[in-house]
Amino acid sequence: MNVHNMMEDLVTAEVNALYDQVKKANSPWLTCDCKNCRLDTISYVLNRIPPKYVVSGRGVTHSNEIFSNHQLIADISAVAMDGIRIISSTKRPFHTLPREECELQKEENPSFNFPTFSGTIYDGSTFEPISGAKVLLKLNGKPVDMVDMTWTNPTQTFQSTKGSFTFWAKPIPAEKIGESRRFEFELEIEVEGYEKSYHYFEIPIISDGSTKTELNTACSIKIRDVVLFKREIFEEDSQNEEK
Ligand SMILES: [Zn+2]
């Protein structure tokens, strides 16, 4: 069966249109709009919005439906603008290399492949999503490497993704296929005006025969929502408790 993610067409069209628009406006923050940068932005967006799969050949009716969904298009534009800004501001030493060299190489070695981890950060008193949070993913006290440069660690939360963040950790070599191990991850979250907070989650993984290079959205883990409190409010509360 041949399946196709309908979002690819929509996101590709939207990202290219936005790049053209930003380029035309001579926006000073746009450092590059080469094919590699555009592809990075497209994967940035596709990794952050839910896919919509159809069986190839049945796409036509679905594509009309999707292309006329204005709310969806507005959301995609917002995430795409974040993506363009991030890709433009990321210094990438391999930027001038041919695309193939930046892409994930599938390796035929036993590996622990991680699902993507996603979570959302809320304000504890308003329950509004918090944007501008810096989220660092650690394993054994060290920042975790991501699969490729469209994934950043630390990452940030944005308004358009409604306070959510996603990580895709780079596979870790295993001894053999079928090895089982528990990984204890740590999240370090910093937002201006809020208490710095730490969260932990454990994930059992069974090793595969090779590294996973394609993102399977079925393979995604939602981390418990993170609730943060503003520094002043937090202090007031603890003083009240003491009395
Ligand atoms: Zn470029």
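Quick caveat, the model's predicted, so the values are computed rather than measured.
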*What is the distance from atom CE of M7 to atom NZ of K52, rounded to the nearest 0.5 Å?*
7.0 Å

*Would you give the length of the straight line joining atom CG of L30 to atom CD of Q21, rounded to the nearest 0.5 angstrom?*
12.0 Å

*Okay, side chain of R231, backbone of Y194: is any donor-acceptor separation there less than 3.5 Å?*
yes

*Would you mind reporting whether L136 and E190 have side-chain heavy atoms less than 4.5 Å apart?*
no

*Any donor-acceptor pair under 3.5 Å linking the side chain of R38 with the backbone of D33?*
yes

_To the closest 0.5 Å, what do you measure between CD1 (I42) and OG1 (T12)?_
4.0 Å

_Please report the interatomic distance NZ(K222) to OG(S164), rounded to the nearest 0.5 Å._
7.5 Å

_Nearest non-hydrogen partners of F165 and T120, listed with the distance_ = CE2-N, 3.9 Å

*Point-to-point distance, once rounded to the nearest 0.5 Å, from CG of L139 to CD1 of I172*: 5.5 Å

*S207 and K176: which non-hydrogen atoms are nearest, and at how many Å?*
OG-O, 2.5 Å

*Give a yes or no on whether Y198 and V144 share a hydrophobic cluster (residues Ile, Leu, Val, Met, Phe, Trp, Tyr; joining criterion: side-chain heavy atoms under 4.5 Å apart).*
no

*Above 12 or not: heavy atoms from other molecules or residues under 6.0 Å from CD of E108?*
yes

_Run the side-chain contact (heavy atoms from CB on, under 4.5 Å) test on L72 and L10 for me, step by step, so that the C-alpha distance in whole Å, both residues' side-chain angles and the decisive distance to 0.1 Å come before the verdict._
CA-CA 10 Å; L72 179 68; L10 185 58; 3.8 Å; yes

_Closest contact, heavy atoms only, P204 versus R182_ = CB-NH1, 3.9 Å

*Is there a path from Y122 to L228 through hydrophobic residues (I, L, V, M, F, W, Y) whose side chains come within less than 4.5 Å of each other?*
no

*Answer with yes or no whether the side chains of Y44 and D82 bring together a donor and an acceptor at under 3.5 Å.*
no

*Taking D208 for its side chain and S210 for its backbone only, find out whether a donor-acceptor pair lies under 3.5 Å.*
no

*Is the shortest heavy-atom distance from the side chain of I221 to the side chain of T116 under 4.5 Å?*
no

*How far apart are the closest heavy atoms of A133 and I189, and which atoms are they?*
CB-CG2, 4.4 Å

*Stepwise, does the side-chain contact (heavy atoms from CB on, under 4.5 Å) test hold for K212 with V147?*
CA-CA 9 Å; K212 201 172 67 171; V147 287; over 6 Å; no

*asked:* Looking at every heavy atom in both Y200 and E186, which two are closest together, and how far apart are they?
replied: CE2-CG, 3.4 Å

*Measuring from E195:CD to K230:NZ, what's the distance to the nearest 0.5 Å?*
12.5 Å

*Hey, quick one: are V135 and I203 part of the same hydrophobic cluster, counting side-chain heavy atoms closer than 4.5 Å, chains of contacts allowed?*
yes

*Above 12 or not: heavy atoms from other molecules or residues under 6.0 Å from NZ of K23?*
no

_Determine whether N109 and S111 satisfy the following criterion, side chain to side chain donor-acceptor pair (under 3.5 Å), listing intermediate values before the conclusion._
CA-CA 6 Å; N109 301 322; S111 313; over 6 Å; no

*Please report the C-alpha distance between I73 and I76 in whole Å, then the side-chain angles of each, then the deciding distance to 0.1 Å, and finally whether the side-chain contact (heavy atoms from CB on, under 4.5 Å) criterion is met.*
CA-CA 5 Å; I73 291 169; I76 289 172; 5.5 Å; no

*Quick one: sort the F185 and F201 rings into parallel, tilted or perpendicular, breaks at 30° and 60°.*
parallel

*May I ask you to decide if L137's main-chain N or O and N153's side chain share a donor-acceptor pair within less than 3.5 Å?*
yes

_Beyond-backbone contact of I87 with C32, side-chain heavy atoms, under 4.5 angstrom_ = no

*How about E202: does its CD atom have over 12 heavy atoms from other parts shown lying under 6.0 Å from it?*
yes

_Which heavy atom of G163 sits nearest to which heavy atom of T157, and what is that distance?_
O-CG2, 3.5 Å

_Any carboxylate oxygen within less than 4.0 angstrom of a Lys/Arg side-chain nitrogen, looking at R48 and D75?_
no

*Contact check, side chains of F117 and L187, non-hydrogen atoms, under 4.5 Å*: no

